[in-house]
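Everything on this sheet refers to the single structure shown next.
All chains are named by letter (A, B, ...) in the order of the sequence lines, taking the proteins before the strands, and each is independently numbered beginning at 1.
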Amino acid sequence: AQKVTQTQTSISVVEKTTVTMDCVYETRDSSYFLFWYKQTASGEIVFLIRQDSYKKENATVGHYSLNFQKPKSSIGLIITATQIEDSAVYFCAMRGASSGSWQLIFGSGTQLTVMP
Amino acid sequence: GPKVLQIPSHQIIDMGQMVTLNCDPVSNHLYFYWYKQILGQQMEFLVNFYNGKVMEKSKLFKDQFSVERPDGSYFTLKIQPTALEDSAVYFCASSLGQGYAEQFFGPGTRLTVL
């Protein structure tokens, strides 16, 4: 079965610090894509960053980066220099490439609160 | 970034009525999706649509659900008849391609079935 698990329900940090959010996944696919999205308080869902399973280099976009550990089926999101406006719910998601499935499978989300 | 629009933002209807949720995807995108999110939970895939056809649907996509995109206009999700358990936020998404292509989400339609 394909599954995405985020065990951290909520995290609080002080602004300008670095935070890491965990995500592990299960898949039968030999090739797959991993995504992180955030959902703001207004409900808006924003795409942040993607990791392709065949790439060894960790993806980086702005102050978001990934810690991809393929043997552990783990894709952590790292946010450096956090800002108040980073407060949101962060969802990890996966999509298979070889199974022919089109759907994104989401984790349950991690609520990040950035405090002044 | 690219914007997906959804109309209406909130819909309240009585159980058993029909409802149509509308989505205006990113203009050059070819793949369209609907997801359902019950309050406080993760989003769950309902269906995806490409080239006028349903390509994949989940167990949540009941027989009462249907999707279409007539003449390249709104991509719609119709529920007929609605049930209490259909109350949720429905998100539309679109992507340029499949596989690696990220899906861009609309702001959601909150459906309340009384």
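Ranked by heavy-atom pairs shorter than 4.5 Å toward chain B, the options A:Ala93, A:Gly109, A:Gly107 are led by A:Gly107. Put simply, of A:Val46, A:Ile45, A:Val4, the one with the most heavy-atom pairs under 4.5 Å next to chain B is A:Ile45. Per-residue heavy-atom pair counts under 4.5 Å with chain A were compared for B:Phe105, B:Phe104, B:Tyr31, B:Tyr50, and the maximum is reached by B:Phe105.
In this structure the side chain of B:Leu46 never reaches within 4.5 angstrom of the side chain of B:Val67, judged on heavy atoms.
In this structure, no portion of A:Gln111 lies under 4.5 Å from any heavy atom of chain B. Neither the backbone nor the side chain of B:Glu44 comes within contact range of chain A, judged by heavy atoms closer than 4.5 Å. B:Gln103 touches chain A through backbone and side chain together, each having a heavy atom under 4.5 Å away.
Crowding of B:Arg69 atom CZ: a count of heavy atoms from other residues, nucleotides or ligands under 6.0 Å exceeding 12.
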Test log, rule ring pair (Phe, Tyr, Trp, His ring centres under 6.0 Å), inputs B:Trp34 and B:Phe61: CA-CA 10 Å; B:Trp34 283 103; B:Phe61 194 78; 10.0 Å; no

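Between the side chains of A:Gln2 and A:Gln103, no donor N or O sits under 3.5 Å from an acceptor N or O.
Distance check: B:Phe49 CZ to B:Cys92 SG gives 11.5 Å after rounding to the nearest 0.5 Å.
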